[in-house]
Amino acid sequence: MTTFADLGVDQDILDALAHKGIVDAFPIQEQTIPLSLPGQDIIGQAKTGTGKTFGFGIPVVQRLGAHPEPGVKALIVVPTRELAVQVYEDMDLLTQGRATSVVAIYGGKAYEGQIEQLQAGAQIVVGTPGRLIDLAGQRLLDLSNATEVVLDEADKMLDLGFLPDIEKIFQKVPTVRHTQLFSATMPGPIVALARRFMSNPIHIRANDPDEGLTQANIRHLVYRAHSLDKDEVIARILQAEGRGKTVIFTRTKRAAQRLVDELSDRGFNAGAVHGDMSQEARERSMAAFKAGKKDVLIATDVAARGIDVDDVTHVINHTIPDDEKTYLHRAGRTGRAGRTGIAVTFVDWEDLHKWALINRALEFGQPDPVETYSSSPHLYSDLSIPAGTKGRIVTAPRREPREPREATSSAPREERTRTRRRTDRPAAGDATSTDAAAAPAADGAAARRRRRRRRGGGGASAAGGETAAQA
DNA sequence: AAAAAAG
């Protein structure tokens, strides 16, 4: 096993890593760091959860030297605010032993603290495009000496939504610089585009291209979803033995909010992250999930990339992602740093073509997904994690029967289904459940929130709109 | 088309 010391990493950085128990390098780090330290431009590609951040971060810190002058010398651009926070923390760790300071620059937060840290002379900036350009435009952020530039999740940063911003940012940094682009996914056309911003880059793939991009330690399960039953099936998965933390992805912000309210009502310890929440609430959710105060995170694709929480055992795609790249990144929230994980995907009837695309692109070679109901016993048994995996038994016994969900024209049909299911469903205290008395108390706040949502203009028109769309 | 990213 190659250690970071073998790669020529400075002693103070080795000490900072060792303090966290990190001594050995992952393959991507082993392959890129020796090239990157002397200034080689790098396109670094490696599977999810295999150490890309330190792969680019260590050379950035080391190349600035032990005592860099005050002022921004390095810029790391990421696609989401939460990833900015996380990469900031990693960079902060690497700089523990030297006089280099790091600042996170992203939106949804007060300007004040960020500007103060810049004026105090921070040398490394980690940020999202909007706020970076905002501050640069106000002359509060000077990028003219940023000779180290990194695009994390580089293919995302170079796609249509971000490209104009990225072009603006590259205009503000020196032409002579060291540029690193990292991602698990690097489609050919994006690599070609990336070369515009780099000089003679080397494209390093830490894995054999024939091997594909899927993680061997992630088990993928796919089911045809029965839409009226999905919440129930997901609740069942959340009761599975051996489950650690779970991330559930939805296609829309509204679906994420609905699901977190629903699961909270059912007694699960769930939080959400999506773009309709305040930044403060987003960060609170993430922190609670990382700390284990919540063990279910419901998210839009804002959390699909980069987010590193080390004991996520399950990823559930409540809605199938649009393409194979998003699938790979979402699934990659589990199975990190050599651990095992399970990715469960529900495919709605109208999304079968998306599954066909992903199945082909990732060479899963799966047959068409089978339909599943909350009553299918095989689903439950399929969802036990292999022996040896650490995990907790989490239960969420059903509380009092709930009131009818919605007073819309779709209610009668849904009610019928629910009522029938409730009767043939196993009792709350079945074999996998612990004592109901140990369960969390009824969450009055959640119920109030749900009622408020239902009453609110947005919620009511939303329900009406969905009903109309079904007709 | 949705989500993300400035306010």
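A, B, ... follow the sequence lines: proteins, then strands. Residue 1 opens every chain.
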Once you apply a heavy-atom cut-off of 4.0 Å, does A/Asp165 come out as touching a base, just sugar-phosphate, or nothing?
nothing
Determine the sole option in A/Thr50, A/Asn217, A/Asp308, A/Asp310 for which the side chain to side chain donor-acceptor pair (under 3.5 Å) test with A/Arg336 is passed.
A/Asp308
Among B/dA6, B/dA4, B/dA1, which is the nearest nucleotide to the side chain of A/Asp322?
B/dA1
Whether the A/Thr100 and A/Arg98 side chains hold a donor-acceptor pair (N or O, under 3.5 Å, no angle test) is what I'd like checked.
no
Rounding to a whole Å, what distance do you find between A/Asp301:CG and B/dA1:C1'?
13 Å
A/Arg305 side chain N/O closer than 4.0 Å to the phosphate oxygens (OP1, OP2) of B/dA3?
no
Protein-nucleotide distance (A/Glu350, atom CD; B/dA1, atom C1'), rounded to Å:
13 Å
Does A/Thr300 have a side-chain nitrogen or oxygen under 4.0 Å from the phosphate oxygens OP1 or OP2 of B/dA2?
no
Value in whole Å for how far the C1' atom of B/dA4 lies from CZ of A/Arg282:
8 Å
Between A/Phe364 and A/Tyr327, what is the ring plane arrangement, given parallel below 30°, perpendicular above 60°, and tilted in between?
perpendicular
Under 3.5 Å, is there a donor-acceptor pair linking the side chains of A/Gln239 and A/Arg236?
no
Classify A/Lys156 by what it touches in the nucleic acid, base, sugar-phosphate, or nothing, heavy-atom distance under 4.0 Å.
base
Whole-Å distance, A/Tyr327 OH to B/dA3 C1', equals 20 Å
Under 4.0 Å between any heavy atoms, over every strand shown, what does A/Gly107 touch: base, sugar-phosphate, or nothing? Just pick one.
sugar-phosphate
How many Å lie between CD1 on A/Ile105 and C1' on B/dA6, as a whole number?
13 Å
Quick one: label A/Tyr111 by what it contacts on the DNA or RNA (base, sugar-phosphate, nothing), any heavy atom closer than 4.0 Å.
sugar-phosphate
Given atom CD1 of A/Ile133 and atom C1' of B/dA6, what is their separation to the nearest angstrom?
9 Å
Using the six-membered ring of A/Tyr111, assess whether NZ or CZ of A/Arg131 lies under 6.0 Å from its centre and within 45 degrees of the ring axis.
yes
Give the rounded distance in Å between these two atoms: CG of A/Asp159 and C1' of B/dA4.
9 Å
Between A/Lys109 and B/dG7, does any side-chain N or O lie under 4.0 Å from OP1 or OP2?
no
d(NZ, A/Lys325; C1', B/dA3) in whole Å:
15 Å
